[in-house]
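Order of appearance sets the numbers: ligands from 1, and atoms from 1 within every ligand. Note that this is a predicted model, so its numbers are computed, not measured.
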Amino acid sequence: MSPLLPGLEQALVERHHTVRLHELPDPDRFLRDHGADVVAAVASARFGVGNALMDALPRLGAIVHFGVGHETTDVVRARARGIDVGNTPDVLTDCVADLAVGALIDVMRRMSAADRYVRAGNWSAAPFPLAARVSGKRVGVLGLGRIGRAVARRLEGFDMEVAYCSRTPVPGVPYRRPPTARALAAACDALVVTVAGGTGTEGPVSAAVLDALGPEGHLVNVARGSVVDESALVAAVETGRIAGAALDVFADEPNVPRALLDSDRVVLLPHIAGVTRETREAMGDLVLRNVERFMTEGVLLTPVPGSAH
Ligand code: 8YV
């Protein structure tokens, strides 16, 4: 349905009767003529399968996302049509958590800003300004799923005091759970956003949450741009109402607001948390295994919650 890793596309072509919809000169015509022959769809988590496309594929039984996010496909609607939806959980957890920790250290210690400082030849003129200590600080994790837990575990290694916020308490974790995102932000020095995107989660990091984080507070977002009110974030960065932000995701990728591009207090990354050779390969492999299982047994290997038969 959308471009994938070349190796994954190749493997799909070799093993199944595969059509690359995005490469066809007239995809609408293909859908009209052959839409009823398509039984499985593979899509980047970035694009998913929209409702119109879903409707053009009356025999569709499975949608497999390359990525853990699945907010780009209406899973409830798919289920109502008898379509299972799968994703690629677990295999990317470590890399996303690694990057979240790296981004947190970068923004608090101002490593990217210091790198720019050296390159600009400013070091000889004056020492780099003082940054914020990381070890021993209080960190809030917004959304303690697989990735949030992996981030929290890593940050324990920095003697950080971890608290979290999630819809329901997570059993078996030793962390405090303030009742709201705002209370969590008020009680921490850094807020790491790892909550799933999608309807219902849009905007939990509002202007009020950012104000609660405060002028010494740092924000890290490795989840989805939609879970942070981006205009409120831009305003908070511009006015110094938060100390800084490290962002791997944005509201309208690949477009980044000018004010963020111009700010030295933000670390800006092009949605690369899961983008390592090892993780991409493992994600591709899991997509293939999901398709394989569906084509042979009619079920997915890793259906998204609430999607399995
Ligand atoms: C992907 C992601 O890069 O897994 C996810 O949901 O955000 C990323 O790993 C992207 O969604 C698909 O290319």
Just distances here: any N/O of G69 and N/O of ligand 1 closer than 3.5 Å?
yes
Which residue and non-hydrogen atom of the protein lie closest to atom 5 (C) of ligand 1, and at what distance in Å?
V68 N, 3.4 Å
Does R224 have a non-hydrogen atom less than 4.0 Å from ligand 1?
yes
Taking the basic N atoms (NZ, or NE/NH1/NH2) and the acidic carboxylate oxygens, is any pair closer than 4.0 Å for R133 and D189?
no
I'd like to know whether D285 forms a salt bridge (Lys or Arg N to Asp or Glu O under 4.0 Å) with R289, so could you lay out the CA-CA distance, the side-chain angles of the two residues, the decisive distance to 0.1 Å, and finally the verdict.
CA-CA 6 Å; D285 192 56; R289 287 191 288 138; 3.4 Å; yes
Ligand-residue contact atoms, ligand 1 with H271, heavy atoms, under 4.0 Å
2 (C), 7 (O), 8 (C)
Taking distance alone, with no angle check, do F66 and ligand 1 share an N/O pair under 3.5 Å?
no
Got more than 12 heavy atoms from elsewhere within 6.0 Å of CD, E281?
no
Provide, to 0.1 Å, the distance between atom 11 (O) of ligand 1 and the closest protein heavy atom, together with that atom's residue and name.
A45 CB, 3.4 Å
Can you list, pair by pair, the side-chain donor-acceptor contacts under 3.5 Å of residues 33-50, counting residues two or more places apart and other chains?
unit_1 : atom_1 : unit_2 : atom_2 : d
S44    : OG     : R46    : N      : 3.0
R46    : NH2    : E253   : O      : 3.3

Output, in order, the C-alpha distance, side-chain angles, deciding distance and verdict of salt bridge (Lys or Arg N to Asp or Glu O under 4.0 Å) for K137 and D159.
CA-CA 8 Å; K137 289 284 176 68; D159 296 325; over 6 Å; no
Should you measure from each heavy atom of S44, which atoms of ligand 1 turn up under 4.0 Å away?
12 (C), 13 (O)
Just to be sure I read this right, does ligand 1 sit under 4.0 Å from the backbone of L92, its side chain, both, or neither, counting only heavy atoms?
side chain
Taking a cutoff of less than 4.0 Å between a non-hydrogen atom of the residue and any ligand atom, is R280 in contact with ligand 1?
yes
For the residue pair P305 and H70, what are the closest heavy atoms and their distance?
CD-NE2, 4.3 Å
Are R182 and D211 within salt-bridge range, i.e. N to O under 4.0 Å?
no
